[in-house]
Amino acid sequence: SCCLALTKPGTSTLELALLGLPAVVVFKTSWLSYLLARPLVKVAWMSLPNLLLGKPVYQELIQWGCSPENIARVLLDRYEQIQNNAVQYQENMQNLLLLRTLLK
């Protein structure tokens with residue numbers, strides 16, 4: 001049982017979304033790989049729920065934004081939103097339920 005996940009892009013993000021679990025997505029690779037691949041990638045987000053819904057339901061920390069400090073800050077912010085039942089948390093939960101409906 002958990003209330004928040006830290007995950008990587010891929011099917012795990014879709015599985016978490018279908019379970020209705022808030023998450024933060026992180027991705028970091030070598031700077032050379034990133035610089036070579038980034039011009040070839042033509043998507044706005046890396047996580048499947050964000051791509052399927054066309055909006056950022058899961059916050060993504062990519063490459064240079066993926067530092068231990070940023071990860072900790074974002075996770076703590078998300079956790080506080082969950083604990084306080086913040087409006088943004090409620091909107092994210094509604095989007096995750098919408099995703100379930102779209103995939104039926």
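Here the structure is a predicted model, which means the values were calculated and not measured.
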Non-hydrogen side-chain atoms of V25 and L61 separated by less than 4.5 Å
no
Side chains of K55 and N50, donor plus acceptor under 3.5 Å
no
Spell out, yes or no, whether L36 and M46 are grouped together once hydrophobic residues are joined by side-chain heavy atoms under 4.5 Å, including indirect joins.
yes
Return each pair, listed once, that meets ring-ring contact (aromatic ring centres under 6.0 Å, His included) where at least one residue sits in residues 1-23; pairs must be two or more places apart or across chains.
none
A side-chain contact here means heavy atoms from C-beta on lying under 4.5 Å apart; do M93 and P22 qualify?
yes
Determine which pairs satisfy ring-ring contact (aromatic ring centres under 6.0 Å, His included) with at least one residue from residues 69-88, sequence neighbours left out, and list them in order.
none
Distance in Å, R100 CZ paired with L102 CG, rounded so as to fall on 0.5 Å steps
12.5 Å
For C66, does its backbone N or O pair with a side-chain atom of N70 as donor and acceptor, under 3.5 Å?
no
Within a strict 4.5 Å, meaning less than it, do heavy atoms of the T7 and V26 side chains meet?
no
Are I82 and L76 connected into the same hydrophobic cluster when the rule is that any two of I, L, V, M, F, W, Y join if their side-chain heavy atoms are below 4.5 Å apart?
no
Any side-chain heavy-atom pair from Q88 and R78 closer than 4.5 angstrom?
yes
Less than 3.5 Å apart, any donor N or O on the side chain of Q63 or T29 sitting next to an acceptor on the other?
no
Find the distance between OG1 (T13) and NZ (K8) and round it off to the nearest 0.5 Å.
7.5 Å
Cluster check I71, I62: I/L/V/M/F/W/Y, side chain < 4.5 angstrom:
no
Any L14 side-chain heavy atom under 4.5 Å of L103 side chain:
yes
Min side-chain heavy-atom separation E91-V87 under 4.5 Å:
yes
Hydrophobic cluster identity match, Y89 and L6, side-chain contacts under 4.5 Å:
yes
For the residue pair L53 and L98, establish whether any side-chain heavy-atom pair is separated by less than 4.5 Å.
yes
Check whether any side-chain heavy atom of L21 lies under 4.5 Å from a side-chain heavy atom of L4, and answer yes or no.
no
Exercise: identify the closest heavy-atom pair between C3 and Q83:
SG-NE2, 4.3 Å
Only one of V24, L16, N92, L48 passes side-chain contact (heavy atoms from CB on, under 4.5 Å) with Y58, and that residue is L16
Suppose the criterion is ring-ring contact (aromatic ring centres under 6.0 Å, His included): which pairs have a residue in residues 17-53, not counting sequence neighbours?
Y34-W64
